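It should be emphasised that the depicted structure is a prediction, and the values quoted were computed from it without experimental measurement. FYI, the numbering just counts along the sequence from 1.
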Amino acid sequence: MSRVDVKKPSLCTSEPLSQETVSRALSAFSKIVKSCYGPTGRLKQLHNGTGGYVQTTSQSSALLNGLSVTHPLLKLLTASVQNHISRFSDGGLFTAILCCSLLERFQDLKVASCMCVKISQHLLSSCTDYLTSEACGCRIPVDFNSSKILLDLVRSVLTSKRTCMLSRKEADHVSILILKAFLLTVPQNVGTSVRLGKCLYVPMKDKSVMDSRVYAGLLIETPEFDLTRMLPAKRTASSPIKMALFSVSLSGDFCNPGEGAVVVHHGVSLEAAVLDQLLGLGQRMVKDGVGLVICQKVVHPALKQYLKANQVVVIERVGVVMMEPLKEMTGSQPIPSLQCLSRACYGNLKDLQIEYFASKRFLHLIPDDPAVCSLMLCSRNETAWDELKLVCQAAEHVLQLTVKDPWVLLGGGCTETHLSSYIRHKSHKMPSSTLENLGCSQTEFQLVADCFCHSLETLARCLEHDGGEILTDTTWGHFWSVPPDVPYNSTWSDFALKCGCGLCGSDQDLSWRALHRPSRPFPPQSCVSESSITSADNLVLDSFAAKCNGLQAAVETACLLFGLSYVVEDQN
């Protein structure tokens, strides 16, 4: 009889944020994410204590997947950030830093937790209303007739990750490729419903980033063969190539028979019967004029030889990842069994070509409507390639989100400082009706609003990792950075030449204040205009959808965690 342990009582912790262990863990997590933020963020190496793969990154998606978090509060915080990343692919560090900063500042307030939550939710609503209003001074409309804003947006995402190790020329090249790949996934013929296509990444490591390129259609790595001898002899240049796509194995094995017994008559060879059925399948496809057969799994050598002898191109072991793009691109229906072959399952391709790259050979499947494309992504080493793929996928997702919400926000810290200036000015003298609805005094509201604005400014200060001074102007409320070791009594305008987003210059008569010092509230003006956008080069921009959702997720998560009174853990 096995030993039975006495059931342990649940561990109940009151006021979890006041616990020293929780405060230390939250502070350590906050320092980690803050140090990774921005183009000059510090890199992190993730590895376990027993050896194995070591990952170098500064991206929130890789960072949170590699961190071991044990306390329920931090688990909830990281789960909220990961949920945001899974939906928007960008703004993970923004969300985590803002949430941590709000929690740290709320704990120092002499305001009841329920009141902090109510006022913070009111301020969040004010921010959201402002960002979605026509009066917003940090929002830029996206003109899809021009590539400028879209290219600046993609470049901003790429250059924010140091591990990619991209030069300015390389970042421009990859940005153009990502935008081109995205445009190839936009369907040319729009019906009742619009569905974007897919971009597949083909890894090519130990090569220059400048060798990267985009292909309309799919690239499938193939063994060496002579394609010109294998295409249908009767095919003309204008006629399409008929294709059959199999999700079932064509190897002739007898696997997954299902439940029940299998009865084989005496003297009958099961292998021979299955092979006859495969060859009959091949004869039918040849008769139907199929020129290309693609199988997710393995093709029997005899069937492969028969099809090749009849000038049918055979590609096997493409894997499950390629099935959906192949189906979408060619219109073919994956054939799930040997008995389900019909002419309705066939798809069509415009052409087939062989592409050579380094020592590899690829079969290039060219469709009529290139809703699927392949991005051959090159990088110097495996670490840089892994990071570059993640950031390219994030940039691609950001473009997809921009189609739905055709706006971008000013990057480089300018949205955070501008929004902070707006909230400070609006909360300086709140209407008595608003205070009555919230059930708080002007002092309480002001204390929470100051914490809220300081947390937004913390995001901007995290962009500086080298000891420089962070400024904000009192006209537009933008972010300005001054390098360290500036001579005493120097004029800031001699060093702060461009704001963080690149839209404003110091050639105008501006006054600045250090971001960490108090000043009189002012209404920030808008510097966004068609002429300023057109004349500005290399703008730093952020995704509108990702940043708005990150702001909401950070504030709501902080309010949830700050309002927790007990944590109950089952120790069994």
Side-chain angles (χ1 to χ4, degrees), residues 177 180-189 195-204 212-248 250 282 285-286 288-299 303-304 307-308 310-335 341 343-358 360-377 396:
L177 293 182
K180 182 179 178 181
F182 168 73
L183 294 176
L184 286 173
T185 62
V186 177
Q188 298 178 3
N189 303 318
R195 182 182 177 185
L196 295 176
K198 189 175 182 62
C199 176
L200 295 180
Y201 292 84
V202 181
M204 194 62 63
S212 302
R213 60 190 72 172
V214 173
Y215 297 88
L218 285 179
L219 288 179
I220 301 177
E221 190 173 354
T222 59
E224 195 168 329
F225 57 78
D226 188 356
L227 182 63
T228 57
R229 293 172 53 192
M230 298 179 64
L231 291 181
K234 297 181 180 179
R235 176 179 175 265
T236 62
S238 59
S239 63
I241 299 174
K242 192 175 291 186
M243 188 192 98
L245 180 63
F246 287 90
S247 58
V248 67
L250 298 178
M285 288 191 291
V286 171
D288 291 341
V290 173
L292 174 64
V293 173
I294 297 181
C295 183
Q296 176 185 335
K297 301 176 182 178
V298 182
V299 180
L303 176 60
K304 192 188 305 182
L307 292 173
K308 288 183 178 180
N310 287 274
Q311 295 181 308
V312 179
V313 179
V314 180
I315 303 296
E316 61 179 342
R317 305 174 191 267
V318 296
V320 68
V321 176
M322 300 289 285
M323 297 301 287
E324 186 62 30
L326 284 167
K327 174 185 173 182
E328 184 176 350
M329 184 180 74
T330 63
S332 55
Q333 296 298 319
I335 302 169
L341 181 64
R343 294 187 178 184
C345 295
Y346 297 146
N348 292 301
L349 277 175
K350 181 179 180 181
D351 200 2
L352 290 174
Q353 290 182 1
I354 289 291
E355 300 287 347
Y356 300 91
F357 197 91
K360 295 185 177 181
R361 176 191 295 252
F362 298 89
L363 182 63
H364 183 194
L365 281 62
I366 305 173
D368 282 317
D369 186 4
V372 176
C373 67
S374 299
L375 174 54
M376 184 173 287
L377 195 59
E396 181 191 353

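You'll find the side chain of M322 reaches within 4.5 Å of the side chain of L218, heavy atoms only. When side chains are defined from C-beta on, V293 does not count as touching L303, because their heavy atoms never get closer than 4.5 Å. For the pair L377/V202, no side-chain contact is recorded, criterion being any heavy-atom separation below 4.5 Å from C-beta on. Taking 4.5 Å as the limit, some side-chain heavy atom of Y346 sits within range of a side-chain heavy atom of L341.
The CD1 atom of I241 sits 11.5 Å away from atom OG1 of T330, with the distance rounded to the nearest 0.5 Å. Between the CD1 atom in I315 and the CG atom in L365 there is a gap of 8.0 Å [rounded to 0.5 Å]. To the nearest 0.5 angstrom, L219 atom CG is 9.0 Å from M204 atom CE. Note that NZ of K327 and CG of L245 are 9.5 Å apart. Values are rounded to the nearest 0.5 Å. Rounding to the nearest 0.5 angstrom, the gap separating the CG atom in L349 from the CD1 atom in I366 is 9.0 Å. The structure places CZ of F246 at 4.0 Å from CD1 of I335, a figure rounded to the nearest 0.5 Å.
Listed for the S374 side chain is no donor-acceptor partner under 3.5 Å among the backbone atoms of L200. Listed for the K242 side chain is a donor-acceptor partner under 3.5 Å among the backbone atoms of D288.
Across all non-hydrogen atoms, the minimal contact from L184 to C373 is CD1-CB, 3.9 Å. Across all non-hydrogen atoms, the minimal contact from F362 to T222 is C-OG1, 4.2 Å. Closest of all the heavy-atom pairs between M329 and G217 is SD-CA, 3.7 Å. Between L326 and S332 the shortest heavy-atom distance is O-OG, 4.0 Å. Scanning all heavy atoms of the two residues, the minimum distance from C295 to V299 falls at CB-CG2, 3.7 Å. In this structure, L375 and C199 approach most closely via the heavy-atom pair CB-SG, 3.8 Å.
Side-chain atoms of Q353 and Y215 form no donor-acceptor pair, as typed in the model, at a separation below 3.5 Å.
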CA sep, side-chain torsions, deciding dist, call: L196, V186, side chain to side chain contact (heavy atoms under 4.5 Å, CB included): CA-CA 5 Å; L196 295 176; V186 177; 3.9 Å; yes
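Checked for salt-bridge contact, E324 and K198 miss the test: no charged N lies under 4.0 Å from a carboxylate O.
In summary, of the residues considered (K297, K304, Q296), a side-chain hydrogen bond (donor to acceptor under 3.5 Å, both in side chains) with E316 occurs for K304 alone.
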